[in-house]
Amino acid sequence: MAVHSDWGDWLPQAIADSDPDGVAVWYLGCNGFVLRDGEGTTIFIDPYLGTGDPPRTIRMIPVPFDPTDVEHADAILATHEHVDHVHGPSQAPILEGTDATFYGPDDAVAVAREEEAWPETYDVAEDRLVPVAEGDAVEIGAFTVHVEPATDPDASHPVTYVIDHPAGTMFHGGDSKPDPEFADIGSRYDIDLGVLAVGTVGMMPDRETRVPAVTKWYNDETQCVSAARDLQLDRLLPSHWDMWKRLTADPTALHDHVRGLEHPQRLEIVEIGDRTDI
């Protein structure tokens, strides 16, 4: 299934043409991000360019780019095995067109290697699909990616990432709810920018029967703020709130929840295609 974007190639070109003083971060919608530093090292996290599985999951935002338009990438990080985090049509063409390596927990790599068979379907060598586990650290240019625990009952083996750079530190929580280890993570790292998934409760059709059921996949406001407080985030960036019909949320509602707390110090709301910096 080929990816089509109405946005053309302006976003990957803007990323490629950038020369950040520090680390630039672009939001791709859903839970996708791109990080790029002044040396040009470029890391994608959970980029998803699919449209879902209508009428069950229906994408509510544009597809921001065609993956074949990505000319440079050093790594793709996956937080867990779900389709909007590991997706061959979104990610394998980036690997084909660049020297990037795909990193993810074992079950995420199994989707790429076995279920979707990237090495057979795309020009992607199997040794470029690298499993990582909690406690691992991966050096990518000036970045050090630390693999940390996650709590996501809907995933089989989720992880979170703390991405260290001389310019600052970013936390990507995947779809994790508050985790008992988050307080320890917050004490070990000085996290400048933290990403946490936020959503609402909705009636989603079952994958097999299509019978609607009450569904809650992401943090509510209280869970999000609890996780941000434990992680001692300077800036909280809510994600995933824009993606699926019936589960979208209003991230500005978090303002009342974070007011007066020591952490997070600031709420940072971005839309698909926006850039922020560390």
Side-chain angles (χ1 to χ4, degrees), residues 15 18-48 70 72-80 85-86 91 94-95 98-105 108-109 130-150 152 158-176 179 181-197 227-228 230-240 263-266 268 270 274-278:
I15 295 169
S18 67
D19 184 20
D21 182 14
V23 176
V25 180
W26 288 264
Y27 181 43
L28 304 179
C30 194
N31 225 343
F33 290 83
V34 181
L35 284 68
R36 181 179 172 91
D37 70 0
E39 299 301 316
T41 302
T42 306
I43 299 174
F44 286 74
I45 309 173
D46 285 348
Y48 176 66
V70 176
H72 176 76
D74 294 283
I76 299 174
L77 309 179
T79 57
H80 60 288
H85 301 262
V86 181
Q91 298 163 6
I94 298 176
L95 298 178
T98 70
D99 295 325
T101 300
F102 177 89
Y103 298 96
V109 172
V130 179
V132 294
E134 295 87 340
D136 289 350
V138 180
E139 304 288 339
I140 306 169
F143 293 94
T144 303
V145 178
H146 301 273
V147 186
E148 297 289 350
D152 181 1
V159 299
T160 61
Y161 294 109
V162 176
I163 305 166
D164 258 335
H165 188 275
T169 301
M170 176 176 170
F171 173 85
H172 192 295
D175 292 352
S176 183
D179 185 275
E181 299 295 326
F182 280 1
D184 177 62
I185 294 171
S187 69
R188 288 188 285 115
Y189 302 99
D190 182 8
I191 302 173
D192 299 284
L193 180 68
V195 172
L196 292 167
D230 286 347
L231 290 161
Q232 301 181 45
L233 303 183
D234 288 350
R235 295 149 61 196
L236 165 62
L237 193 160
S239 65
H240 231 318
H263 296 285
Q265 296 174 3
R266 192 171 81 192
E268 186 150 341
V270 294
D274 284 352
R275 169 182 167 173
T276 188
D277 292 88
I278 301 175

Reported [atom1]-to-[atom2] distance for the pair [X] and [Y], which is rounded to 0.5 angstrom:
X      : Y      : atom1 : atom2 : result
Gln232 : Phe171 : CD    : CZ    : 12.5 Å
Leu193 : Leu237 : CG    : CG    : 5.5 Å
His172 : Ile43  : NE2   : CD1   : 12.0 Å
Asp274 : Leu28  : CG    : CG    : 11.0 Å
Ile163 : Met170 : CD1   : CE    : 5.5 Å
Ile76  : Ile45  : CD1   : CD1   : 11.0 Å

Worksheet entry | Donor-acceptor pair between Asp152 and Ser176 side chains, under 3.5 angstrom | no
State, to 0.1 Å, how close [X] and [Y] come at their nearest heavy-atom pair, and which atoms those are.
X      : Y      : value
Pro166 : Ala142 : CD-O, 3.5 Å
Gly168 : Ile278 : CA-CG2, 3.5 Å
Gly104 : Val109 : O-CG2, 3.4 Å
Pro158 : His80  : CA-CB, 3.8 Å

Discussion item. For residues 187-197, which residue pairs pass the salt bridge (charged side-chain N to carboxylate O under 4.0 Å, His left out) check, not counting sequence neighbours?
Written reply: Glu148-Arg188, Asp184-Arg188
Fill in: Pairs touching residues 230-239 that satisfy salt bridge (charged side-chain N to carboxylate O under 4.0 Å, His left out), sequence neighbours left out
Arg235-Glu268
Are any non-hydrogen side-chain atoms of [X] and [Y] less than 4.5 angstrom apart?
X      : Y      : value
Tyr161 : Val147 : yes
Phe102 : Val86  : yes
Ile191 : Ile185 : yes

With no hydrogens and no angle check, is any side-chain donor or acceptor of [X] less than 3.5 Å from a backbone partner on [Y]?
X      : Y      : result
Thr160 : Pro149 : yes
Thr41  : Asp37  : no
His263 : Leu233 : yes
Arg36  : Pro20  : no
Asp74  : Thr42  : yes

Discussion item. Applying the side-chain hydrogen bond (donor to acceptor under 3.5 Å, both in side chains) criterion to Asp46, which one of Gln91, His240, His85 satisfies it?
Written reply: His85
Worksheet entry | By salt bridge (Lys or Arg N to Asp or Glu O under 4.0 Å) - contacts of Asp136 (at least two apart) | none
Discussion item. Let's go through Ile15 and Val70 carefully: what are the C-alpha distance in whole Å and the side-chain angles of both, what is the deciding distance for side chain to side chain contact (heavy atoms under 4.5 Å, CB included) to 0.1 Å, and is it a yes or a no?
Written reply: CA-CA 9 Å; Ile15 295 169; Val70 176; over 6 Å; no
Discussion item. Before we go on, tell me: are the rings of Phe33 and Tyr27 under 6.0 Å apart, centre to centre?
Written reply: yes
Discussion item. Using a 6.0 Å cut-off, check whether atom CD of Glu134 has over 12 heavy atoms from anything other than its own residue.
Written reply: yes
Worksheet item: After noting the C-alpha distance and the side-chain angles of Tyr48 and Asn31, does the key distance pass the side chain to side chain contact (heavy atoms under 4.5 Å, CB included) rule?
Response: CA-CA 8 Å; Tyr48 176 66; Asn31 225 343; over 6 Å; no
